[in-house]
> 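This is the structure I have questions about; it appears just below.
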Amino acid sequence: PAGTLRAEAGSGTVDMFGRMASGEVKACWVICTNPVASVANRSTVVAGLEAAELVVVSDVYATETTAHADVVLPAAMWAE
């Protein structure tokens, strides 16, 4: 029903990693994506991942992002 979902949008991925770098966001779970390679402003992404207290990554392959993970979980490709 109308009004049950938030109407405002978030401030974006780069801002989220910036907030991680500043300590405002303490943890993240990255699922089947490689933000270190694909998100603009790579240095902000890396700084956020390094500052976070917990980084969980679920992916099919080891990536630049899994290198910053505290926990790596397996994932399956869509055909599996």
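Hydrogens, waters and symmetry mates play no part in the numbers below; they use all other heavy atoms, side chains included.
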> Under the side-chain contact (heavy atoms from CB on, under 4.5 Å) criterion, do Ser43 and Asn41 qualify, and how do the steps go?
CA-CA 6 Å; Ser43 61; Asn41 200 342; 3.0 Å; yes
> Holding to side chain to side chain contact (heavy atoms under 4.5 Å, CB included), I want the full list of residues that pass it with Val72, two or more places apart in sequence or in another chain.
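Listed in chain order: Thr66, Ala69.
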> For Val36 and Thr63, run side-chain contact (heavy atoms from CB on, under 4.5 Å): C-alpha distance rounded to whole Å, both residues' side-chain angles, the deciding distance at 0.1 Å, then the answer.
CA-CA 9 Å; Val36 172; Thr63 66; over 6 Å; no
> With sequence neighbours excluded, what pairs up with Glu8 under the side chain to side chain contact (heavy atoms under 4.5 Å, CB included) test?
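Per chain and number, Glu8 pairs via side chain to side chain contact (heavy atoms under 4.5 Å, CB included) with Arg6.
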> Looking at residues at least two apart in the chain, or sitting in another chain, which of them share a side chain to side chain contact (heavy atoms under 4.5 Å, CB included) with Ser11?
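Result, side chain to side chain contact (heavy atoms under 4.5 Å, CB included) vs Ser11: Asp15, Arg19.
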> Atom CE of Met16 and atom CE of Met20: how far apart are they, to the nearest 0.5 Å?
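That separation rounds to 6.0 Å.
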> Excluding sequence neighbours, so at least two apart, what forms side-chain hydrogen bond (donor to acceptor under 3.5 Å, both in side chains) with Thr65?
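Here the qualifying residues are Asn34.
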> With a cut-off of 3.5 Å and sequence neighbours excluded, list every side-chain donor-acceptor pair involving residues 47-60.
residue: Ser58; atom: OG; partner: Trp29; partner atom: NE1; Å: 2.9

> At what distance, to the nearest 0.5 angstrom, does CH2 of Trp78 lie from SG of Cys32?
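Here the rounded value is 14.0 Å.
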> Counting C-beta onward and ignoring hydrogens, is there a side-chain heavy-atom pair between Phe17 and Arg42 closer than 4.5 Å?
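The answer is no, as the side chains (C-beta and beyond) never meet within the 4.5 Å cut-off.
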> Got a sec, which residues hit side chain to side chain contact (heavy atoms under 4.5 Å, CB included) with Ser38, two or more places apart in sequence or on another chain?
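So Ser38 forms a side chain to side chain contact (heavy atoms under 4.5 Å, CB included) with Thr33.
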